[in-house]
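As structure tokens, the structure follows; a few thoughts come after it.
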Amino acid sequence: MNKHEIAAMLEEIGTLLELQGENPFKTRAYQGGARALEALEADEFTARMAAGTLGELKGFGEALVDKIGKLHATGRLEFYDKLRAQIPDGVIALLEVPGLGPKKIKALREQLGVESPEALAEVCRAGKVAGLAGFGEKTQAKLLEGLANRAAYAKRHRWWDARAVAAPIVTALRALSGVRRAEAAGSLRRNLETVGDLDFIVAAEAAEAAAITGWFCGQDGVKEVTARGDTKASVRFTSGLQADLRIVPEAQFAFALHHFTGSKDHNVALRQRALARGFSLSEWGLVPDAGEGTAKEKAEAGLSLRAENEAELFAHLGLAFIPPELREGLGEIEAAEAGGLPRLLEAGDLRGAFHNHTTESDGKNTLAEMAAAAEALGWDYLGIADHSKSSVQARGLDENRLAAQVAAIRALNAAGTYRTWVFAGVECDILPDGRLDYDDAAFAALGLDYVVVSVHSAFTQDEDEMTRRLVRAIEHPRATMLGHATGRILLRREGYKVNLARVIDAAIAHRVIIELNAHPSRLDLDWRHWRRAAEWGLLCSINPDAHDTGGLAHVEAGVRAARKGWLAAENVFNTRDLAGVRRWFSERR
Ligand code: DGT
Ligand code: CA
Ligand code: CA
Ligand code: ZN
């Protein structure tokens with residue numbers, strides 16, 4: 001195990017011990033150990049592990065060093081396995097309920113015998129939780145809301161995770177004998193932020209279909225085959241994700257791909273358009289509506305118009321090709337008819353990104369490592385925006401540390417070590433009253449290139465208060481961009497309540513960019529707002545919010561969401577070249 005994995009393990013041990021009611025001294029030793037480990041340079045860690053000198057450092061007691069050694073060498077720890085085995089899975093699941101930490105869970109177990117989210121829902125509904133010391137009516141209501149979200153979301157998966165499962169399957173399907181074409185369809189292809197199940201469409205000869213479904217059902221990770229026929233199959237993976245496979249004759253492929261890409265609303269609208277032209281559109285083909293027989297029979301009788309691909313299908317209906325991500329029944333057919341579809345942003349349009357963290361706050365890689373990674377991606381620039389001082393748990397930077405970081409960034413640029421230019425920014429907390437985390441004198445002295453302003457505290461303010469708070473931050477002359485505008489965490493937590501129309505208006509009026517936070521769990525501001533906001537003149541920045549070098553790649557999720565929001569390159573700030581970005585920043589300062 002590497003240092004990060006060991007630190008995560010120690011952190012988990014601390015949590016498990018807390019759940020068990022161990023004394024705080026002991027649990028803190030593990031949590032402190034995790035932090036000390038994270039603070040250690042990777043090189044030093046490796047050297048000290050080799051030399052057996054980790055114990056010489058402050059914060060690494062004998063017991064801790066022993067456990068780190070075992071994890072480092074073998075990736076396993078009997079102590080952990082035993083501890084974990086003592087705690088029911090349901091209790092572990094309780095840790096995922098928003099608003100619950102180890103202490104509260106312990107109280108719920110001891111006083112109400114709650115050992116699972118389901119049991120918690122029951123006692124909340126019965127009103128028993130409100131009476132416990134440290135809980136109250138408000139907490140009880142919050143827990144119920146969190147539980148409801150959890151249940152609603154349990155069936156969906158982040159787009160990023162679903163894509164990671166689907167991509168190798170498409171590759172493997174294409175390599176099977178007899179497979180002419182294979183694509184992932186459904187919500188994944190439409191770049192929806194969460195995906196219910198995967199849908200694969202394959203073109204192959206009927207004689208090969210059984211072998212293909214056989215491979216599909218027998219592939220690694222399949223826990224259960226939920227349906228199986230000659231040309232169809234459905235499976236469930238161990239992750240809980242399900243997948244449907246459909247095999248069609250090659251002539252039918254474009255129609256099937258289009259049908260199973262959806263969305264349902266888009267399909268309904270397109271079918272109506274076909275009917276108005278005397279045709280019936282279905283997964284089988286595009287056949288004349290008149291005459292005897294079902295659409296399937298007509299298609300099998302060879303009555304369908306031919307379409308090699310979806311572009312030809314759309315052309316039969318007098319439409320330009322509609323990119324899958326626009327197929328949500330939100331006016332894309334009208335736009336395609338009028339030649340009004342946007343030239344959507346592409347991943348290659350991005351020249352860099354802002355809002356990235358380093359080890360100075362809660363990132364896992366240093367400034368130099370982040371710059372090197374950005375250079376490897378071919379980026380012209382990289383913006384560093386670590387946390388500000390109020391984000392204490394993220395080791396936010398006070399004025400002095402930030403000044404030192406700005407100096408380090410200037411020195412790095414001057415040294416010319418990397419081809420990628422580094423901009424000095426900060427992710428500045430928006431305080432509960434809308435003020436920023438540094439005063440005017442500090443900002444003046446720091447000479448930052450830009451400032452991302454974000455909410456990291458007091459999420460529970462009412463809509464009015466939150467809206468006023470965000471607008472006040474946007475009105476601050478130093479604000480360049482608004483970070484993760486609603487604070488939502490997909491599948492886990494709703495965004496805070498805020499009047500987005502007013503926030504967007506203020507951003508446009510004050511020339512503040514709003515980020516599309518590209519972290520796969522955020523994708524915030526949501527794609528549903530971007531089309532209109534961009535028409536009004538809002539500028540978007542696709543920001544990975546990277547906490548390590550690998551996190552920079554998340555911009556792809558942001559590009560997907562931006563495409564879904566009808567955005568073109570000109571709507572996105574970080575498609576500008578270095579000179580263009582510099583100009584914008586200097587005009588704003
Ligand atoms: P998901 O899986 O919940 O994230 O969403 P989708 O869009 O992938 O939905 P899914 O897997 O149920 O079906 C894939 C596509 O197949 C869907 O987007 C449209 C098409 N489809 C499925 N059922 C129907 C239906 O009853 N009517 C129509 N018009 N289309 C359907
Ligand atoms: Ca699906
Ligand atoms: Ca499906
Ligand atoms: Zn943030």
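Only this structure's heavy atoms are used, side chains among them; waters, hydrogens and symmetry mates stay out. Read the numbers this way: they start at 1 and go in the same order the structure lists the ligands and their atoms. In what follows, residues are counted from 1 in the order of the sequence shown.
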Quiz prompt | atom 11 (O) of ligand 1: the protein heavy-atom neighbour that sits closest, reported with distance to 0.1 Å | solution =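 The protein heavy atom lying closest is D197 OD1, 2.8 Å.
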
Quiz item: Which protein heavy atom lies closest to atom 20 (C) of ligand 1, and at what distance to 0.1 Å?
Solution: H259 O, 3.2 Å

Self-check item: Under-4.0 Å heavy-atom contact with ligand 1, by part of T261 that carries it
Solution: backbone

Quiz item: Quick one: does ligand 1 sit under 4.0 Å from the side chain of S187, the backbone, both or neither, non-hydrogen atoms only?
Solution: both

Exercise. Kindly indicate, with the supporting measurements, whether the criterion side chain to side chain donor-acceptor pair (under 3.5 Å) is fulfilled by E328 and H266.
Key: CA-CA 5 Å; E328 294 291 347; H266 167 88; over 6 Å; no

Self-check item: Distance-only donor-acceptor check, side chains W527 and E193, under 3.5 Å
Solution: yes

Quiz item: Are side-chain N/O atoms of S454 and E427 paired as donor and acceptor at under 3.5 Å?
Solution: yes

Using distance alone, determine whether [X] and ligand 1 share an N or O pair under 3.5 Å.
| X | result |
| --- | --- |
| R156 | yes |
| T194 | no |
| D199 | yes |
| G196 | yes |

Practice problem: Determine, counting only non-hydrogen atoms of the protein, whether one lies under 4.0 angstrom from atom 1 (P) of ligand 1. | Solution: yes

Practice problem: Scan the protein's non-hydrogen atoms and note whether one is under 4.0 Å from atom 5 (O) of ligand 1. | Solution: yes

Quiz item: Hey, what do you get for CG (D230) to CD1 (I212), rounding to the nearest 0.5 Å?
Solution: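 Taking CG in D230 and CD1 in I212, the distance rounds to 11.5 Å.
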
Exercise. Calculate, to the nearest 0.5 Å, the distance between atoms CG and CG belonging to L275 and L281 respectively.
Key: 8.5 Å

Exercise. Check the angle between the aromatic planes of H355 and H484 and answer parallel, tilted or perpendicular using the 30° and 60° thresholds.
Key: tilted

Practice problem: Look at the aromatic rings of H387 and H547 and report parallel, tilted or perpendicular, splitting at 30° and 60°. | Solution: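 Tilted: the ring planes of H387 and H547 meet at 30° to 60°.
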
Quiz item: Got V572 and T575 here, is their nearest side-chain heavy-atom distance under 4.5 Å?
Solution: yes

Quiz item: Which protein N, O or S atoms lie under 3.0 Å from the Ca ion (ligand 2), given by chain and residue number?
Solution: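 Those protein N, O or S atoms (cut-off: under 3.0 Å from the Ca ion (ligand 2)) are D197 O, D197 OD1, D199 OD2.
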
